[in-house]
Amino acid sequence: MFVKSLGQEAELRPLEPWWAAEFLANIDRGREYIGRYIGLPDVVTDVESSRATLRRYAEKAATDTGRIYGIWEDGKLVGGVLFRTMDLEQGTAEAGCWLEPSAVGRGLVTRACRVIIDWAVEERGVHRIEWRVAAENTASVAVARRLGMTRDGVLREYFLHRGERQDVEIWSVLAPEWRANQQAVDAR
């Protein structure tokens, strides 16, 4: 089984359908915080919808079109990272994340994203990783910057979330840029 240490008693591992109750508990602990910018809390509302969401990602993993991973800290699910989409023929993937408030500010998402992006680039041959983020979500924009991504542009009033239109920034990193960034990190 895929398990990666994120340091400080934290680890990254696949979030499988049998974790539906824990996934729901994680979303419940951060429902309002997480839901400020993404729709995950509006979709995961009970154990069955939690299981259905995880099943969809299990199917994506089986068809190589997406993945979802949990971030576990001291044995408790506190958030996660995912590839919402993966198109291996085109060499593209869209990464994303969520985190409950108790786990914010310790670099867990950045470290977890480094693991999955490195896997996508080096193991699956993905050329372009995208990060789509509500323009007002400064924490997620900061993650994109820490990952060495470039801001490609803004889709104005692109996303309807809870009745309000949001501008969406698109950030990306290309495989050669990712490798160069990783070499710079390794050289430190």
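Since this is a predicted model, take the numbers as computed values, not measurements. Position 1 is the first residue of the sequence, and the numbers go up from there.
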### Message
Does any part of the side chain of Asp118, heavy atoms only, come nearer than 4.5 Å to the side chain of Trp178, both counted from C-beta?
### Response
yes
### hydrophobic_cluster_shared for Val141 and Leu108, side chain cutoff 4.5 Å
yes
### Query
Got Val121 and Arg179 here, is their nearest side-chain heavy-atom distance under 4.5 Å?
yes
### Query
Do Arg128 and Asp152 meet the salt-bridge criterion of a basic N to acidic O distance under 4.0 Å?
yes
### Query
Could you state the interatomic distance from CG (Asp167) to CG (Asn137), rounded to the nearest 0.5 Å?
13.0 Å
### Query
More than 12 foreign heavy atoms under 6.0 Å from OH of Tyr158: is that the case here?
no
### Query
Arg84 and Tyr57: side chain to side chain contact (heavy atoms under 4.5 Å, CB included), yes or no, with the steps?
CA-CA 8 Å; Arg84 199 181 68 74; Tyr57 274 94; 3.6 Å; yes
### Whether over 12 other heavy atoms sit under 6.0 Å from Arg162 CZ
yes
### Query
Counting N and O atoms only, with roles assigned by atom type, does the side chain of Trp131 sit under 3.5 Å from a partner on the main chain of Ser140, one being a donor and the other an acceptor?
yes
### Query
Considering only heavy atoms from C-beta outward, does the side chain of Arg132 approach that of Leu155 to under 4.5 Å?
yes
### Query
Closest heavy-atom contact between Ser50 and Ala20?
OG-O, 2.7 Å
### Message
Between Arg67 and Phe83 (side chain of the first, backbone of the second, donor and acceptor by atom type, cut-off under 3.5 Å), is there such a pair?
### Response
no
### Query
If you look at every heavy atom in Leu15 and Gly70, which pair is closest and at what distance?
CB-N, 3.8 Å
### Task
Could you walk me through whether Val3 and Trp72 pass the side chain to side chain contact (heavy atoms under 4.5 Å, CB included) test, one step at a time?
CA-CA 10 Å; Val3 176; Trp72 303 80; over 6 Å; no
### Lys4 atom NZ: more than 12 heavy-atom contacts under 6.0 Å
no
### Expected output: side-chain Arg111 to main-chain Arg106 donor-acceptor under 3.5 Å
yes
### Task
Evaluate the side-chain proximity of Arg29 to Pro101: yes if any heavy-atom separation is below 4.5 Å, no if none is.
no
### Task
Go through the steps for Thr53 and Phe23 under the test side chain to side chain contact (heavy atoms under 4.5 Å, CB included), then give the verdict.
CA-CA 10 Å; Thr53 297; Phe23 181 42; 4.0 Å; yes
### Query
What pair of heavy atoms forms the shortest contact from Ala134 to Gln166, and how long is it?
CB-OE1, 3.1 Å
### Task
Could you tell me whether the side chain of Tyr37 reaches within less than 4.5 Å of the side chain of His161, counting heavy atoms only?
no
### Closest non-hydrogen atom pair, Cys113 against Leu147
CB-CD1, 3.7 Å
### Query
If you take all heavy atoms of Met86 and Ala93, which pair is closest and at what distance?
CG-CB, 3.8 Å
### Message
Any non-hydrogen side-chain atom of Ile170 less than 4.5 Å from a side-chain atom of Arg151?
### Response
no
### Message
Determine whether a donor-acceptor pair (N or O, by modelled atom type, separation under 3.5 Å) exists between the side chain of Glu22 and the backbone of Trp19.
### Response
no
#### Entry: Trp119 with Val173, same ILVMFWY side-chain cluster at under 4.5 Å
yes
#### Entry: Arg145 CZ to Thr138 OG1 distance, which is reported to the nearest 0.5 Å
9.5 Å
### Task
For residues Ile38 and Cys97, report the shortest heavy-atom separation together with the two atoms involved.
CD1-O, 3.8 Å
### Message
Using the rule side-chain contact (heavy atoms from CB on, under 4.5 Å), only one of Leu54, Val44, Thr45, Leu77 pairs with Leu24; which is it?
### Response
Val44
## Note on the structure
CD (Glu164) and CD (Glu157) are apart, to the nearest 0.5 Å, by 10.5 Å
### N-O pairing of Lys76 and Glu73 below 4.0 Å
no
### Message
If hydrophobic clusters are built from ILVMFWY residues whose side chains come within less than 4.5 Å, do Leu12 and Val104 share one?
### Response
yes
### Message
As an exercise, state the distance from CD of Glu89 to OG1 of Thr65, rounded to the nearest 0.5 Å.
### Response
13.0 Å
### Message
Are more than 12 heavy atoms, taken from residues, nucleotides or ligands other than Glu48, located less than 6.0 Å from that residue's CD atom?
### Response
yes
### Task
Please step through side chain to side chain contact (heavy atoms under 4.5 Å, CB included) for the pair Leu88 and Val126, ending with a clear verdict.
CA-CA 6 Å; Leu88 296 180; Val126 174; 3.8 Å; yes
### Message
For the CD atom on Glu122, are there more than 12 heavy atoms of other groups (residues, nucleotides or ligands in this structure) within a distance under 6.0 Å?
### Response
yes
### Nearest-0.5 Å distance, CD1 of residue Ile71 to CG of residue Leu99
6.0 Å
### Single-linkage hydrophobic cluster Leu82~Trp18, side-chain heavy atoms < 4.5 angstrom
yes
### Query
Going only through I, L, V, M, F, W and Y residues with side-chain contacts under 4.5 Å, is there a path from Tyr33 to Val143?
yes
### Message
If I take atom CD1 from residue Ile34 and atom CG from residue Asp28, how far apart are they, to the nearest 0.5 angstrom?
### Response
9.5 Å
